[in-house]
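Atoms within each ligand, like the ligands themselves, are counted from 1 in listed order.
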Amino acid sequence: MHSELDNIYASATNKVADFVFDQKVAGVFNDMIRRSVPGYGQIINTIGDFASTYVTKNSTVYDLGCSLGAATLSIRRQIEQRQCKIVAVDNSKSMIERCSENLLAYVSDTDVELVCGDIRDIEFKNASMVVLNFTLQFLPIADRDTLINKIYQGMLPGGILVISEKLRFDDETIQVLLDKHHLDFKRANGYSELEISQKRSALENVMRPDTLSHHQHRFEKCGFQHFNVWFQCFNFASMVAIK
Ligand code: GEK
């Protein structure tokens with residue numbers, strides 16, 4: 001997937017504005033997420049593998065907060081000839097425009113409906129798979145239970161929800177340890193101290209991680225039969241919940 005190099009926070013600004021998924025971010029997003037989120041590539045590939053196992057014929061797959069379409073493309077490669085539809089949703093117009101170009105670059109017999117809109121307004125139906133790959137963390141905390149509940153209601157029995165998130169830890173020692181190693185990962189990927197600290201300020205009011213037990217409770221409350229973390233690196237995890 002084509003991407004410019006992310007240098008959005010490379011020069012000092014007096015007041016760092018809140019992070020937004022605008023045209024500038026969309027242009028560098030592939031580079032940004034790969035250098036910032038440990039395990040992102042593996043998570044994207046594995047989402048495709050999960051699709052191969054869980055997506056049933058004539059069902060619908062939802063990719064919520066699809067950005068440039070990485071998860072949608074990974075899923076689409078694995079579900080040929082199942083007469084399925086993928087609904088890919090993002091409320092950033094710039095992301096949707098680029099996503100649409102990325103999807104056109106590959107041939108497939110699976111239709112993708114690209115929706116530029118809020119994931120809280122989507123009606124879920126006939127879903128064998130739902131993906132929230134690093135998206136729930138951007139929703140107001142008060143709206144998260146309602147969304148997960150709505151998703152659950154629209155899922156088929158045996159359907160899978162894959163949800164990846166940055167985690168927060170109640171144990172301060174663990175929080176400090178894993179946070180430090182995440183920052184080392186960013187440094188090793190070429191981000192400067194200035195870029196790291198300005199990005200952190202930009203995300204402060206925009207991205208609010210939950211703890212793992214909070215996620216687990218939410219899924220149990222909704223009625224999911226099975227839940228576990230299938231991947232974790234430092235403070236980033238990907239989880240599965242099965243109806
Ligand atoms: C990937 N899943 O590459 N409604 C719709 N979209 C939203 C909303 C909302 N309420 N809030 C945020 N977004 C992708 C990566 S990025 C993760 C997901 C990150 C969108 C937002 O516009 C952005 O494109 C995406 O969710 C989050 O697998 O930047 O850390």
Just jot down the ligand 1 atoms closer than 4.0 angstrom to any heavy atom of [X], in number order.
{"X": "F29", "value": "3 (O), 15 (C), 16 (S), 29 (O)"}
{"X": "S92", "value": "22 (O)"}
{"X": "I44", "value": "28 (O)"}
{"X": "L139", "value": "10 (N)"}
{"X": "N133", "value": "1 (C), 2 (N), 14 (C), 15 (C), 18 (C), 28 (O)"}
{"X": "G117", "value": "4 (N), 5 (C)"}
{"X": "M95", "value": "24 (O)"}

### Query
In terms of side-chain geometry, is the basic nitrogen of E97 or K93 positioned less than 4.0 Å from the acidic oxygen of its partner?
yes
Under 4.5 Å between any side-chain heavy atoms of [X] and [Y], yes or no?
{"X": "R144", "Y": "H214", "result": "no"}
{"X": "F236", "Y": "H182", "result": "yes"}
{"X": "D63", "Y": "R76", "result": "no"}
{"X": "L114", "Y": "C66", "result": "yes"}

Does any N or O of ligand 1 fall below 3.5 Å from an N or O anywhere on [X], backbone included?
{"X": "S67", "value": "yes"}
{"X": "C66", "value": "no"}
{"X": "F138", "value": "no"}

### Query
Would you call S164 a ligand 1 contact, heavy-atom distance under 4.0 Å?
no
### Task
May I ask whether V131 has any heavy atom positioned less than 4.0 angstrom from an atom of ligand 1?
no
### Query
Are side-chain N/O atoms of N102 and R98 paired as donor and acceptor at under 3.5 Å?
no
### Query
Does a side chain donor of either N133 or S164 reach within less than 3.5 Å of an acceptor in the other side chain?
yes
### Message
Taking the six-membered ring of Y152 as reference, does the cationic atom of K243 (NZ for Lys, CZ for Arg) lie under 6.0 Å from its centre and within 45° of its axis?
### Response
yes
Which residue and non-hydrogen atom of the protein lie closest to [atom], and at what distance in Å?
{"atom": "atom 22 (O) of ligand 1", "result": "D90 OD1, 2.6 Å"}
{"atom": "atom 29 (O) of ligand 1", "result": "F21 CE2, 3.1 Å"}
{"atom": "atom 27 (C) of ligand 1", "result": "F134 O, 3.6 Å"}
{"atom": "atom 13 (N) of ligand 1", "result": "N91 OD1, 3.6 Å"}

### Query
Ignoring hydrogens and geometry, is there a side-chain-to-backbone donor-acceptor pair from N235 to K166 under 3.5 Å?
no
### Task
Let me know which of I242, V131, V240, L132 forms a side-chain contact (heavy atoms from CB on, under 4.5 Å) with L161.
L132
